[in-house]
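Notes follow once the structure below has been shown.
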Amino acid sequence: MNKKLIWGIGIISGIAILLLIFLLLNQKVKIKEYQSLDFRVSYDTTWKLKKGDNFLLEHKKSGSTLSIQSKELESYLIDTNLKELTKEITSSIEEQNEGFSLISVEEGSHDNYQSFSYLYEKGEEQALVTMYKKDTKLVIAYYVARSTYYDIVLDSVDSILDSLEILVGEK
Amino acid sequence: MKKGLFLVLVSIFSFTFVKAFSFDIQKLDFQKEPIVLPTSYAIDIDDFTKEEENHGEIKSLAKEIFSLSFKKDAKNQLSNYMFVNTSNGFETINASIFISAYLDELSTYSISYDYIKIIRVVSFSEGDLAFLYLDDVQVNDSIQDVIFVYWFKDQKLFYPRIVIEEDLEAYFDSVIEEEDAGRINGGSYKGLSLLKNEDVVDDAFLSSFFVQHVHSNVQITGLKQDGISSYGSGFLISSGVVVTSWTLLLEMLQKQAYIYVSDADGQAYKISGVISLQVDYDVVVLKLDRETKQAVTFGDSLSLEVDDSLFLINSNNNHYYSIRYGSFVTEEKGRLHNLFALNKNDVGSALYNKDGLVVGMNTTTILYSEQSIANSTNYLVALQNTLNEVGYANIESTSLDLFFTFYYYPLKEEEKRLSISMEELYLLQGIGDLQTISLPLVKASKEDGILSLRYKNTIGYSMDTLYLAALYEESLVREGYTKQYSSLHKKIYRNDKYRIILKENMNYFVLLIMER
């Protein structure tokens with residue numbers, strides 16, 4: 001065989017192998033961190049952070065979304081139990097999302113502060129709303145997915161929400 | 001071709017017009033009235049607000065003092081901030097003594113804390129009081145809430161002190177002990193003395209005061225099905241009409257408790273309905289099922305002066321009543337700032353001045369501190385007049401059942417979505433014995449090579465959902481799976497071919513089966 005041809009094949013193969021290695025390395029899932037004045041959270045690169053004022057992740061493969069928003073409450077609510085606020089919150093959720101049915105409620109706890117989770121459903125879509133309160137900071141996370149993907153991506157959502165740290169205290 | 005194009009267009013339109021779930025947290029409104037009541041008994045609170053003043057400078061100063069208190073040369077450092085009265089050497093000497101005593105007391109504690117939860121500042125004629133609240137502080141061998149109190153005069157430190165949770169608990173325990181023994185004097189928590197108080201508050205005064213006014217005060221009880229009760233207080237503003245804190249009642253409604261009212265004679269009353277409600281003012285007015293004894297007489301909270309004695313009468317042992325007292329600091333837009341230690345039982349109770357007139361209603365804003373806030377009852381005077389004119393029999397009210405209904409969460413049945421039938425699932429080999437899972441299957445799908453199954457826990461919240469799948473786990477082990485991970489809510493099993501995740505979430509059992 002022509003020496004030049006052999007060299008050519010060898011170089012192209014080498015480049016192809018290097019390219020493959022590069023692509024494989026870049027496919028490795030990494031952990032990223034997001035921080036605002038109100039909270040800090042970690043997420044992996046199967047999610048993409050969308051541009052905008054609020055924290056909004058989109059799952060690359062399934063199109064599911066996870067949003068985390070916060071609100072500073074009035075100081076007189078600092079010691080108010082989150083349970084006393086849930087009715088106002090769920091009423092507001094239901095006003096903003098007509099047709100969604102509440103199918104499950106759960107009280108939980110996360111890192112020494114209270115949380116409540118509400119699972120809504122409408123047609124093919126399921127939405128998990130989890131609310132947290134620490135002192136005067138209210139944080140609401142909602143995860144929305146098609147029902148076929150909901151449980152599959154839920155594990156990743158749980159990891160993200162487990163990493164949530166609400167930032168409070170006199171500044 | 002045309003048919004295909006038409007179908008594509010229909011799909012696009014369907015997709016675009018189906019509104020996905022979304023939520024804007026900024027649209028939340030906690031001041032909204034949950035249920036609209038008739039306006040005949042509306043409470044006008046025009047100039048009332050729960051918003052607190054900024055007090056940025058004093059807060060910064062307080063933080064600085066707090067930080068310097070822990071330095072090795074704290075005494076020297078704090079001397080730069082000490083109040084000096086050039087025309088009254090006595091006050092200057094006092095400031096020096098107070099600061100020394102504070103630092104000496106601080107040195108007896110080993111304190112470790114995470115952050116200052118909140119700083120509350122009250123400005124009054126004699127300066128500013130700053131209260132620095134710290135929760136869950138390591139104080140020597142125990143975890144306690146701690147409050148650092150700084151009294152500033154002309155933005156200089158006059159009197160610093162420390163309040164430890166166990167001191168407050170000991171005080172409230174002593175109140176209960178007195179009530180248990182049938183004694184009515186609950187005393188006062190060792191608060192700051194702002195001025196030389198001329199009021200005579202001795203046993204004789206307290207006994208007389210108690211006898212005159214005890215029958216105007218009631219206890220509110222929320223009894224849950226499990227027998228655990230929650231308690232608060234209220235007071236009569238007209239025969240058969242009680243005023244209490246909306247926050248207190250809301251808590252009982254949320255817990256679906258049976259709510260009733262009792263007086264100092266042990267008479268119990270049902271609640272016929274709600275006459276008036278003002279969420280922002282934190283007041284709810286209730287009609288009882290029959291007429292009662294004496295109602296309170298309102299005074300004018302604006303006539304209060306610094307260090308005026310204030311009183312409350314209620315029950316802490318949920319049986320006998322007692323009287324306690326504190327002092328007034330200042331009023332800001334309808335909110336009375338007091339040095340009066342309150343606990344949960346005191347929420348909704350009447351705050352009396354020394355003439356036996358009610359000037360405020362104690363609120364839940366600050367509890368377990370020497371500081372507390374009461375809402376001025378000046379806004380209730382007009383309503384009391386109206387109710388007295390109308391008379392008990394003619395007072396209209398809205399049933400409490402309507403409120404219970406509003407605060408109850410009705411859960412809907414979810415839609416079953418099985419893209420794989422049970423029969424097809426049972427035919428699958430090598431993924432454990434799905435027939436051992438006796439819970440109803442509500443979701444089954446396969447996406448990207450992952451089989452996802454969701455079962456509903458219909459046994460109840462008392463049963464751990466993962467425990468209900470124990471037989472399925474055993475079947476995995478029999479098939480040669482090894483446990484790779486285990487936690488309270490999740491387990492992972494694997495073999496050469498599959499990775500299986502078992503999860504508990506929102507009272508569902510979720511199974512994810514994926515090829516490795």
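Per chain, numbering begins at 1; letters A, B, ... match sequence-line order. The figures here come from the full heavy-atom set of this structure, side chains too, leaving out hydrogens, waters and symmetry mates.
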Inset, instruction - Kindly indicate whether the side chain of A:Y149, heavy atoms from C-beta on, has any atom under 4.5 Å from the side chain of B:S445. - result: no

Legend entry - Winner by heavy-atom pair count (cut-off under 4.5 Å) against chain B, out of A:L77, A:T86, A:N81: A:T86

Inset, instruction - Decide, yes or no, whether a salt bridge links B:K117 with A:D79 under the criterion of side-chain N to carboxylate O below 4.0 Å. - result: yes

Legend entry - Region of A:Y118 in contact with chain B, defined by heavy-atom distances below 4.5 Å: both

Legend entry - Check: A:I103 and B:E413 side chains under 4.5 Å, non-hydrogen atoms: no

Inset, instruction - Might you point out which heavy atoms bring B:I25 and A:K71 nearest each other, and give the distance in Å? - result: O-CD, 3.5 Å

Legend entry - Heavy-atom check, side chain of B:D24 versus side chain of A:N54, under 4.5 Å: no

Inset, instruction - Evaluate the side-chain proximity of B:K412 to A:L102: yes if any heavy-atom separation is below 4.5 Å, no if none is. - result: no

Inset, instruction - Measure distances from B:L512 to the heavy atoms of chain A and classify the residue's part below 4.5 Å as side chain, backbone, both or neither. - result: side chain

Inset, instruction - Against chain B, label A:T90 side chain, backbone, both or neither, depending on which of its atoms sit under 4.5 Å from a heavy atom there. - result: side chain

Inset, instruction - Taking the side chain as every heavy atom from C-beta outward, state whether B:N505 and A:L154 have any pair of such atoms under 4.5 Å apart. - result: yes

Inset, instruction - Tell me, for A:E74 versus chain B, whether the close heavy atoms (under 4.5 Å) come from the side chain, the backbone, both or neither. - result: side chain

Inset, instruction - Could you look at A:L128 and say if it's the side chain, the backbone, both or neither that has a heavy atom under 4.5 Å from chain B? - result: side chain

Inset, instruction - Identify whether the distance between the nearest side-chain nitrogen and carboxylate oxygen of B:E251 and A:K83 falls below 4.0 Å. - result: no

Legend entry - A:E98 atom CD, over 12 foreign heavy atoms within 6.0 Å: no

Inset, instruction - Drop me the distance from A:E84's CD to B:T364's OG1, to the nearest 0.5 angstrom. - result: 7.0 Å

Legend entry - Nearest atoms (heavy-atom pairs only) where A:Q69 meets B:F23: NE2-O, 2.6 Å

Inset, instruction - Working to the nearest 0.5 Å, report the span between OH of B:Y133 and CD1 of A:I78. - result: 9.5 Å

Legend entry - Charged N-O contact under 4.0 Å between A:D155 and B:K490: yes

Inset, instruction - Indicate the atoms forming the closest heavy-atom contact of A:S104 with B:L411, along with that distance. - result: N-CD2, 3.8 Å

Inset, instruction - Can you establish whether the number of heavy atoms outside A:K87 located under 6.0 Å from its atom NZ is more than 12? - result: yes

Inset, instruction - Verify side-chain contact (heavy atoms from CB on, under 4.5 Å) between B:L28 and A:I89, making sure each step is shown before the conclusion. - result: CA-CA 7 Å; B:L28 268 176; A:I89 298 169; 4.0 Å; yes

Inset, instruction - Taking all heavy atoms of A:N97 and all of B:S22, pick out the closest pair and write down the distance. - result: ND2-O, 2.7 Å

Legend entry - Pairwise side-chain contact, A:E125 with B:F21, heavy-atom cut-off 4.5 Å (strictly under): yes

Legend entry - A:Q126 versus chain B, the contacting section by heavy-atom distance below 4.5 Å: side chain

Inset, instruction - Identify which of A:T136, A:V144, A:I140, A:V129 forms the greatest number of heavy-atom pairs closer than 4.5 Å to chain B. - result: A:I140

Inset, instruction - Kindly check if the number of other-residue, nucleotide or ligand heavy atoms within 6.0 Å of NZ (A:K60) is above 12? - result: yes

Inset, instruction - Could you look at B:I501 and say if it's the side chain, the backbone, both or neither that has a heavy atom under 4.5 Å from chain A? - result: side chain

Legend entry - Min side-chain heavy-atom separation B:T247-A:T80 under 4.5 Å: no

Inset, instruction - Could you check which of A:G123, A:S67, A:S101, A:S147 has the highest count of heavy-atom pairs closer than 4.5 Å to chain B? - result: A:G123

Inset, instruction - Can you tell which part of A:S75 gets under 4.5 Å to a heavy atom of chain B, answering side chain, backbone, both or neither? - result: both

Inset, instruction - Rounded to the nearest 0.5 Å, what's the gap from CG on B:N507 to CD on A:E106? Could you check? - result: 7.0 Å

Inset, instruction - Consider only side-chain N and O atoms of A:Y76 and B:D282, and report whether a donor and an acceptor are under 3.5 Å apart. - result: no

Legend entry - When B:K27, B:K59, B:E414, B:R417 are compared by non-hydrogen pairs under 4.5 Å with chain A, the top option: B:R417

Inset, instruction - Answer yes or no: does atom CD of B:Q484 have more than 12 heavy-atom neighbours from other residues, nucleotides or ligands under 6.0 Å? - result: yes

Inset, instruction - Report the C-alpha separation of A:D135 and B:Y115 in whole Å, then their side-chain angles, then the decisive distance to 0.1 Å, and conclude whether the side-chain contact (heavy atoms from CB on, under 4.5 Å) test is met. - result: CA-CA 12 Å; A:D135 297 342; B:Y115 66 98; 2.8 Å; yes

Inset, instruction - Just give me the residue among B:E415, B:R454, B:Q26 that pairs up with chain A most often, heavy atom to heavy atom, under 4.5 Å. - result: B:R454

Inset, instruction - Verify, without hydrogens or angle tests, whether A:D151 (side chain) and B:L453 (backbone) share a donor-acceptor contact under 3.5 angstrom. - result: no

Legend entry - Under 3.5 Å: donor-acceptor pair, side chain of B:E447, backbone of A:T148: no

